Amino acid sequence: MAEEEEQEEQKTEILRSAFPIGRVKKIVKLDQDIKMVNSEAMSLIALSADLFLRFLAEKSSEVATEKKKKTVKVEHMRVAVKRHRPTNDFLFDSLPVPSPPPSTAQKSDSSAAVEKSLPFGTRRIDDFLRGKCAKETE
């Protein structure tokens, strides 16, 4: 009898994402083709993003450990993405290309070059988040 109740509790366990649903909804609505999204679908999108980022962090951490580093860097993420074929297919081209450390005279020019290299019609997520923070402070 107690085992049946325990099994029912496990079936009805509520899964929660680490990401706020409202923020995920705003990001999803950036796509002009999407008009409305069901709350259950939004929860699944948030959970999927959470699982994907955990997976990516775990694989990147493994690469950093293999290279005897304690800090995960972009290079480690690129290697992790390259090793995992499904992730490589859609994400590898979006990751920034590692560059040699710039000298102090070239630092201002390098940030402008990164922004110019974005494909037409794409927005950086940090631009979206900065816009959100600016609206909240007004």
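The structure displayed is predicted, hence computed values, not measured ones.
In this structure, F55 is not a member of the same hydrophobic cluster as L47, with clusters built from ILVMFWY side-chain heavy atoms closer than 4.5 Å. Under the 4.5 Å side-chain heavy-atom criterion for Ile, Leu, Val, Met, Phe, Trp and Tyr, F90 and L51 are members of distinct hydrophobic clusters. In the hydrophobic cluster analysis, where Ile, Leu, Val, Met, Phe, Trp and Tyr join through side-chain heavy atoms closer than 4.5 angstrom, L91 is grouped apart from V79. Following chains of ILVMFWY side-chain contacts shorter than 4.5 Å, one cannot reach F19 starting from L44, and the two form parts of different hydrophobic clusters. L53 and V28 end up in the same hydrophobic cluster when Ile, Leu, Val, Met, Phe, Trp and Tyr side chains are linked at under 4.5 Å.
The minimum heavy-atom distance linking V72 with S60 is given by the pair CG1-CB, 3.6 Å. Closest of all the heavy-atom pairs between S43 and I21 is CA-CD1, 4.1 Å. Closest non-hydrogen pair, A46 versus S17, comes out as O-OG, 3.2 Å.
Looking only at side-chain heavy atoms (C-beta outward), F52 and T87 come within less than 4.5 Å of each other. In this structure, the side chains of K69 and H76 come closer than 4.5 Å at one or more pairs of heavy atoms. In this structure, the side chains of M77 and L56 come closer than 4.5 Å at one or more pairs of heavy atoms. At a threshold of 4.5 Å between non-hydrogen side-chain atoms, the residues E62 and K59 count as touching.
A salt bridge is defined here as a Lys NZ or Arg NE, NH1 or NH2 lying under 4.0 Å from an Asp or Glu carboxylate O, and E75 with K82 fails to meet this definition.
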* Is there a side-chain contact (heavy atoms from CB on, under 4.5 Å) between M42 and V24 once you walk through the steps? -> CA-CA 7 Å; M42 193 58 60; V24 173; 3.8 Å; yes
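A donor-acceptor pair is defined here as one N or O able to donate and one able to accept, closer than 3.5 Å; no such pair exists between the side chain of N88 and the backbone of V81.
Summarising the geometry, atom CD1 belonging to I34 is positioned 11.0 Å from atom CD belonging to Q32; distances are rounded to the nearest 0.5 Å. Atoms CG and CD1, on N38 and I45 in that order, are 9.5 Å from each other to the nearest 0.5 Å.
By the 6.0 Å contact criterion, CD on E40 is open, its count of non-hydrogen atoms from other residues, nucleotides or ligands being 12 or less.
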